[in-house]
Peer 1: 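If you scroll down you'll find the structure; I have some questions about it.
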Amino acid sequence: MTIVGVPAGWPATEEEARTVQDELRGRVVLDEPGPPPGTGLVTGVDVAYDDALDLVAAAAVVLDATTLDVVGEATAVGRVSFPYVPGLLAFREIPAVLAALDRLPCPPGLVVCDGYGLAHPRRFGLASHLGVLTGLPTIGVAKNPFTFTYDDPGPARGGSAPLLAGAEEVGRALRTRDGVKPVFVSVGHRVGLAGAVAHTLALTPRFRLPETTRRADALCRQALRDAASFPPPPGR
DNA sequence: GCGACAG
DNA sequence: ATCTTGTCGC
């Protein structure tokens, strides 16, 4: 089993990381509607950690957007590349995610991230960062409102309300199931907010979280368990 | 200055 | 994210 390394030149400090975000932010494409929901391929990516072993495991699971059947998947295990710092999550997750995406047997199509895109202190969250680095259309679907505010959406599935940074709408609080806590959707790269919301609804026929995220979450946890119990543990 | 803060 | 038992419900 291979342990992927941290990319050369990867930021080592918070200051460097913020500078990278400020430099890449301008490359986000916001004028494309994105692929039509319910067609083609949709890929979920997620990451799991074992801080004690300094391990990170990423998974990418490709679904047929129409049937939500799994049509391809891949994982990658690596060393933790950055500490968790609110606003700098991408530097912790992206190296392993890129490795997993590289190992996919088919093109990913739209990529759904567990976190934020434009809804970010510098408008460059994980989903936007991954989109700029890969050129793929991406969206972010987060479980928490982070530092943003919102009015409670209507109680039925499909209900939504603006996710606000002050007066600026950076995403949408979206109810994906009747009566359950909303998820927080934001644009990543090459997809509009309306498209991001439509994709999220198409991916939640049964559960609060997108099927993509659920599949990727289960797979990266499994990959982490496998890695943690593998004979040649982490060397130095 | 202090607390909050995607995963 | 992760640490964790039982428990209520489909």
Side-chain angles (χ1 to χ4, degrees), chain A residues 6 11 14 17-18 20-21 24-25 28 44-61 75-98 100 111-132 138-150 163-166 168-174 176-189 193 196 200 205-210 212-229:
Chain A
V6 178
E14 297 184 23
R18 288 190 197 95
V20 169
Q21 291 181 327
L24 295 181
R25 182 173 42 198
V28 176
V45 293
D46 195 18
V47 173
Y49 302 92
D50 187 321
D51 287 312
L53 293 178
D54 187 41
L55 287 179
V56 50
V61 180
T75 62
V77 175
R79 295 339 238 289
V80 172
S81 55
F82 209 85
Y84 171 67
V85 179
L88 300 179
L89 178 64
F91 297 94
R92 185 166 167 79
E93 307 222 326
I94 281 187
V97 169
L98 287 177
V111 178
V112 180
C113 299
D114 192 9
Y116 282 116
L118 287 190
H120 177 273
R122 286 168 293 285
R123 303 297 177 268
F124 195 66
L126 169 64
S128 297
H129 200 146
L130 184 65
V132 165
T138 62
I139 67 172
V141 180
K143 298 180 285 296
N144 299 296
F146 199 12
T147 61
F148 307 106
T149 61
Y150 66 99
L163 184 64
L164 303 170
E168 179 185 1
E169 179 172 15
V170 294
R172 214 48 89 55
L174 176 67
T176 55
R177 305 300 307 161
D178 291 351
V180 305
K181 175 182 173 176
V183 297
F184 305 90
V185 180
S186 60
V187 164
H189 182 60
L193 184 54
T200 302
R206 179 148 186 202
F207 299 103
R208 173 184 177 236
L209 296 180
T212 38
T213 303
R214 292 167 41 77
R215 297 318 247 277
D217 178 74
L219 185 58
C220 69
R221 291 197 200 208
Q222 179 60 250
L224 185 62
R225 282 194 294 271
D226 294 346
S229 66

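Just so we're on the same page: letters track the sequence lines, and every chain starts at 1.
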Peer 1: Under 4.0 Å between any heavy atoms, over every strand shown, what does Leu163(A) touch: base, sugar-phosphate, or nothing? Just pick one.
Peer 2: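 Since no nucleic acid heavy atom lies under 4.0 Å of Leu163(A), the category is nothing.
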
Peer 1: Using a heavy-atom cut-off of under 4.0 Å over every strand shown, decide if Tyr49(A) touches base, sugar-phosphate, or nothing.
Peer 2: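 Tyr49(A): backbone/sugar contact only, no base atoms under 4.0 Å.
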
Peer 1: What does Gly140(A) touch in the nucleic acid at a heavy-atom separation under 4.0 angstrom: a base, only the sugar-phosphate, or nothing?
Peer 2: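 It contacts nothing in the nucleic acid.
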
Peer 1: Going by heavy atoms in the side chains, are Leu193(A) and Glu169(A) under 4.5 Å from each other?
Peer 2: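 Yes, at least one pair of side-chain atoms sits under 4.5 Å.
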
Peer 1: What is the separation between atom CD on Gln21(A) and atom C1' on dA6(B), rounded to the nearest whole Å?
Peer 2: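 It is 12 Å, rounded to the nearest whole Å.
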
Peer 1: With sugar-phosphate meaning primed atoms plus P, OP1 and OP2, does Arg221(A) contact a base, only sugar-phosphate, or nothing at under 4.0 Å between heavy atoms?
Peer 2: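 Sugar-phosphate, backbone atoms only, no base.
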
Peer 1: dG7(B) P sits how many Å from Leu89(A) CG, rounded?
Peer 2: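 Those two atoms, CG and P, are 8 Å apart.
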
Peer 1: For Asn144(A) and dC5(B), is the shortest distance between a side-chain N/O and OP1 or OP2 below 4.0 Å?
Peer 2: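 No, outside the criterion.
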
Peer 1: Can you tell me how far P of dC3(C) sits from OH of Tyr84(A), to the nearest Å?
Peer 2: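 Answer to the nearest Å: 17 Å.
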
Peer 1: Give one of base, sugar-phosphate or nothing for Ala119(A), where a contact means two heavy atoms less than 4.0 Å apart.
Peer 2: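 Touches nothing.
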
Peer 1: Measure from CG on Leu126(A) to P on dA6(B) and round the result to the nearest Å.
Peer 2: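 So the two atoms are 13 Å apart, to the nearest Å.
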
Peer 1: Are Asp46(A) and Arg215(A) close enough for a salt bridge, meaning some N to O gap below 4.0 Å?
Peer 2: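 No, no charged N to carboxylate O under 4.0 Å.
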
Peer 1: Mind checking Asp46(A) for me? I need base, sugar-phosphate or nothing, with any heavy atom below 4.0 Å counting as a touch.
Peer 2: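 Sugar-phosphate only.
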
Peer 1: Send over the distance from Glu14(A) CD to dA6(B) P, rounded to a whole Å.
Peer 2: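 After rounding, the reported distance stands at 15 Å.
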
Peer 1: Under 6.0 Å between ring centres: does that hold for Phe148(A) and Tyr116(A)?
Peer 2: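 Between Phe148(A) and Tyr116(A), the centre distance is under 6.0 Å.
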
Peer 1: Could you check how far CG of Asp178(A) sits from P of dC10(C), rounded to whole Å?
Peer 2: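 Between P of dC10(C) and CG of Asp178(A): 15 Å.
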
Peer 1: Any non-hydrogen side-chain atom of Asn144(A) less than 4.5 Å from a side-chain atom of Lys181(A)?
Peer 2: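 Asn144(A) vs Lys181(A): side chains touch.
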
Peer 1: Would you kindly give the CG-to-P distance between Leu55(A) and dG7(B), to the nearest whole Å?
Peer 2: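 Atom-to-atom, Leu55(A) to dG7(B), this comes out as 22 Å.
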
Peer 1: Please find the pair of heavy atoms, one from Ala59(A) and one from Cys220(A), that lie closest to each other, and give the distance.
Peer 2: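 Closest pair (atom of Ala59(A), atom of Cys220(A), distance): CB-N, 3.5 Å.
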
Peer 1: Whole angstroms only, please: what is the NZ-C1' distance between Lys143(A) and dA1(C)?
Peer 2: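 Rounding to the nearest Å, NZ of Lys143(A) and C1' of dA1(C) are 9 Å apart.
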
Peer 1: Looking only at the side chain of Asp114(A) (C-beta and beyond, no hydrogens), which of the listed nucleotides dC5(B), dG7(B), dT2(C) gets closest?
Peer 2: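 Closest nucleotide among those given: dG7(B).
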
